[in-house]
Number of protein chains: 2
Amino acid sequence: MAASRPPAHHRESHSHPDVAAQIVSVLERLREHGGRITSGRRAVVVALLRHDDHHVTADDIAAVVQADQPDIHLSTVYRTLEALEQVDVVSRVDLGQGRAVYHLVDHVHHHLVCDRCGSVTEVPASVVEPLTQALDDRFSFAASPTRLTISGLCSSCR
Amino acid sequence: MAASRPPAHHRESHSHPDVAAQIVSVLERLREHGGRITSGRRAVVVALLRHDDHHVTADDIAAVVQADQPDIHLSTVYRTLEALEQVDVVSRVDLGQGRAVYHLVDHVHHHLVCDRCGSVTEVPASVVEPLTQALDDRFSFAASPTRLTISGLCSSCR
DNA sequence: ATAATTGCAAAGTCTTTGCAGTTTG
DNA sequence: CAAACTGCAAAGACTTTGCAATTAT
């Protein structure tokens, strides 16, 4: 899949001072909701919180996780990601063509997906705000605040 | 070939006065681009132009086509739709979750897809215009003028 | 003639699911 | 211990593709 790597806008991604604490709190959250903590789940959470990119596929996570623990199955990654989504820690976004990415809910943004090269560019919510407001006013449609996908051509492909 | 001219009654959905003429022109367009006209392709075009809905899946088209010609295979529908897309007659829009719909390019609009019930609401391009303008200005991103998909909750599900 | 098209079946992608065996709390 | 989780394999949903046979021009 993802034939071309999106041009990772590399700037320090997560400005979270204490990732370790975050990991603990996320796991805690799972437990609060009746979930259990396993090495597989912990590995997924670690990979997710440490990942440089804001949008990762289940496959990306699996690759990281399996580097250390080859036995963690892809389906476990999917199931863990699903559990995290239900606990509102991560949000799943469909980028089209069957591709789905996950990102932390605390990072609110939208995505511009290039039809040609497949790159994904983040857009701060503020830029889209006027539109979501208009959609609410005129269609009573509550556009997802974190899961918007806009396709088109990126600056280098247009 | 001189197809039996269908009755000129306008029970149509699109504001096209003469569907029959449109069918001919679309087929003509295929031929101009080196394509050939077969009964399967004609059936797909007819189904597409006569369809009441603005967004149809390959499956929808296949169902209509196969009612008359059971031998037309789904893959032929996909291939024809693809050919029509390359000739700029139809546009394919990915609604997420692997679902894709096709619509005539002359019907410019965007889609609001409900996360809960899956309903699709059309939005005129004018509502989205300010956003596409902003994306162009700030990110040099050329948002597709006809293929935007916005997910969220529709009026009855929110 | 001859290049485009088609039906069919098989493959592909990404994701989900049924189960039986393992763990966690 | 009971419930939750896991690996595995198999299934799904949707779309694409290789081929040999067919057909439009």
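Residue numbers start from 1 in every chain, and the chains themselves are labelled A, B, ... in the order their sequence lines are given, proteins ahead of strands. What's counted below: heavy atoms across the whole structure, side chains too, no hydrogens, waters or symmetry copies. Treat the numbers as computed from the prediction; the structure is a model and nothing was measured.
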Roughly how many Å is it from [atom1] in [X] to [atom2] in [N], rounded to a whole number?
X: B:R31; N: D:dT23; atom1: CZ; atom2: C1'; result: 14 Å
X: A:Y78; N: C:dC14; atom1: OH; atom2: P; result: 7 Å
X: B:L27; N: D:dA24; atom1: CG; atom2: P; result: 13 Å
X: B:R42; N: C:dT6; atom1: CZ; atom2: P; result: 12 Å
X: A:H73; N: C:dT23; atom1: NE2; atom2: C1'; result: 18 Å

Minimum-distance nucleotide (side-chain atoms of [X] versus [options]):
X: A:R92; options: D:dC5, C:dA4, C:dT15; value: C:dT15
X: B:R36; options: C:dT2, C:dT6, C:dT15; value: C:dT2
X: A:S75; options: D:dA24, C:dC8, C:dT17; value: C:dT17
X: B:R79; options: D:dT17, D:dA24, D:dC8; value: D:dT17

At what distance, to the nearest 0.5 angstrom, does CD of B:Q86 lie from CG of B:L84?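 Rounded to the nearest 0.5 Å, the CD-CG separation comes to 9.5 Å.
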
Is B:T149 close to A:T149 at the side-chain level, that is, under 4.5 Å between some pair of heavy atoms?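 No; the side chains remain at least 4.5 Å from each other.
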
Could you tell me whether the phosphate oxygens of C:dT6, OP1 or OP2, come under 4.0 Å of any side-chain nitrogen or oxygen in B:T38?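 It does, given that an N or O in the side chain of B:T38 lies less than 4.0 Å from OP1 or OP2 of C:dT6.
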
Contact class for A:D71 vs. all strands (heavy atom < 4.0 Å): base, sugar-phosphate, or nothing?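 A:D71: backbone/sugar contact only, no base atoms under 4.0 Å.
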
Compute the ring centroids of A:H111 and A:H103, then answer whether they are less than 6.0 Å apart.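 Yes, close enough.
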
Would you confirm whether B:D60, through its side chain, and B:T57, through its main-chain N or O, come within 3.5 Å as a donor-acceptor pair?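 Such a contact is found between B:D60 side chain and B:T57 backbone.
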
